[in-house]
Amino acid sequence: VRGWGVFTGTLLKLVWIFQAYLTYFFITSMTALIVRILTSSGVVIMFPIMSCARRLGVVDNNSLSVLEYSYPWLGMPMRAWQDSGRHGSYNRFLFLPHAVKLLVYYSLFSLSQAPISSVTWTKSVPQFMPVSVWGVFMIWEYFSMVFLRTRLGVAFFPKFTMIVFAIFQLYYQCYHYGFIGLAVLPLYTVSFAAFIYTFVVLELPKYHNGVLSETSPREVWNGMAWGE
């Protein structure tokens with residue numbers, strides 16, 4: 001009987017680890033989607049603001065040109081619209097579709113949190129805990145998008161965060177309530193330590209060695225659909 005207890009306990013912990021990895025997959029998929037939508041479409045609000053500032057004389061045309069080249073997937077269609085001599089303000093056709101896109105995707109992101117959290121954390125937890133965990137996933141995603149530019153960084157950081165989240169989930173499953181609210185603090189602390197290690201040890205030396213530069217911002221990169 002005791003042997004069966006050890007076997008059952010080990011099997012149960014393996015199930016918990018699998019559930020943690022499955023939860024990691026779903027949450028990272030949602031956060032990756034919303035972070036990239038916010039990055040690609042959220043900056044659209046800068047174009048109407050810069051246009052108004054230019055009309056008021058606060059900024060010159062060069063500032064708007066810099067904005068267009070900084071976000072070419074938005075700036076180049078706007079420049080082509082203006083150069084074609086079409087009537088009507090392109091800001092209206094640029095701003096409204098992206099604003100609706102942001103609203104739709106953020107609504108889907110917000111609505112997905114409740115079912116995933118209810119399935120993942122079935123026991124009693126502090127009210128702030130699920131939101132805090134989703135928050136750390138958002139921070140991981142932003143860090144990955146901005147700072148992960150080398151092979152070593154890409155190989156290390158996602159795997160490390162996955163292991164950290166699995167340990168957090170094991171603690172949650174092994175204890176009834178316990179200090180699960182305080183366990184969120186080490187989750188953020190370890191994440192901050194991983195940020196520093198990844199940037200200082202894995203990313204920064206590649207920049208000093210010339211692997212990363214202004215003309216080659218990533219060690220592994222894909223060609224863009226538009227020209228220079």
Student: Classify the angle between the aromatic ring planes of Phe195 and Phe192 as parallel (below 30°), tilted (30 to 60°) or perpendicular (above 60°).
Tutor: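 Geometry flag for Phe192 against Phe195: perpendicular rings.
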Student: Would you say Arg149 and Lys206 make side-chain contact, with heavy atoms under 4.5 Å?
Tutor: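 No, too far: nothing below the 4.5 Å cut-off.
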Student: Considering only heavy atoms from C-beta outward, does the side chain of Ile34 approach that of Tyr105 to under 4.5 Å?
Tutor: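 In short, these two side chains touch, coming nearer than 4.5 Å.
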Student: Checking Gln19 against Gln173 for the side chain to side chain contact (heavy atoms under 4.5 Å, CB included) test, could you report, in this order, the C-alpha distance in whole Å, the side-chain angles of both residues, the deciding distance, and whether it holds?
Tutor: CA-CA 11 Å; Gln19 183 187 19; Gln173 296 287 359; 3.4 Å; yes
Student: Could you walk me through whether Trp134 and Ser117 satisfy the side chain to side chain contact (heavy atoms under 4.5 Å, CB included) test, starting with their C-alpha distance in whole Å, then the side-chain angles of each, then the deciding distance to 0.1 Å, before giving a yes or no?
Tutor: CA-CA 9 Å; Trp134 279 81; Ser117 298; 3.1 Å; yes
Student: Side chain to side chain contact (heavy atoms under 4.5 Å, CB included) between Ile139 and Tyr188: does it pass, once the steps are laid out?
Tutor: CA-CA 9 Å; Ile139 297 173; Tyr188 276 86; 3.8 Å; yes
Student: If we only count heavy atoms from C-beta on, is the Ile167 to Ile163 side-chain gap below 4.5 Å?
Tutor: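 Counting from C-beta outward, Ile167 and Ile163 do come under 4.5 Å.
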Student: Report yes if the distance between the aromatic ring centroids of Tyr21 and Trp16 is under 6.0 Å, otherwise no.
Tutor: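 Judged by ring-centre distance (under 6.0 Å), Tyr21 and Trp16 do not meet the cut-off.
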Student: Does any part of the side chain of Ser107, heavy atoms only, come nearer than 4.5 Å to the side chain of Leu103, both counted from C-beta?
Tutor: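 Sidechains of Ser107 and Leu103: in contact.
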Student: Indicate yes or no: at least one non-hydrogen side-chain atom of Val136 is less than 4.5 angstrom from one of Phe165.
Tutor: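 Side-chain contact under 4.5 Å: no.
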Student: When the aromatic ring centroids of Phe137 and Tyr24 are compared, is their separation below 6.0 Å?
Tutor: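 Distance test on ring centres: under 6.0 Å, yes.
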Student: Within a strict 4.5 Å, meaning less than it, do heavy atoms of the Thr161 and Ser191 side chains meet?
Tutor: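 With C-beta onward as the side chain, the pair stays apart.
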Student: So Trp140 and Phe157, would you call those rings parallel, tilted or perpendicular, with 30° and 60° as cut-offs?
Tutor: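 If you compare the ring of Trp140 with that of Phe157, the planes turn out perpendicular.
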Student: Give a yes or no on whether the backbone of Leu38 and the side-chain of Ser41 come within a donor-acceptor separation of less than 3.5 Å.
Tutor: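 Looks like no, no N/O pair under 3.5 Å.
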Student: Answer yes or no: is there a side-chain heavy-atom contact under 4.5 Å between Phe168 and Ile180?
Tutor: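 The answer is yes; the side chains approach within 4.5 Å.
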Student: Step by step, work out the side chain to side chain contact (heavy atoms under 4.5 Å, CB included) result for Thr122 and Tyr172.
Tutor: CA-CA 10 Å; Thr122 55; Tyr172 161 78; 4.1 Å; yes
Student: Could you tell me which non-hydrogen atom of Pro186 sits nearest to which non-hydrogen atom of Ala183, and how far apart they are?
Tutor: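 That closest heavy-atom pairing would be CD-O, 3.2 Å.
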Student: Check Leu202 against Leu152 and note the closest heavy-atom contact, atom names and distance.
Tutor: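 Closest heavy-atom pair between Leu202 and Leu152: CD1-O, 3.9 Å.
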Student: With heavy-atom distances below 4.5 Å as the criterion, would you say the side chains of Leu14 and Phe18 are in contact?
Tutor: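 They are not in side-chain contact.
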Student: With a 6.0 Å cut-off on the ring centroids, do Tyr197 and Phe156 count as close?
Tutor: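 Distance test on ring centres: under 6.0 Å, yes.
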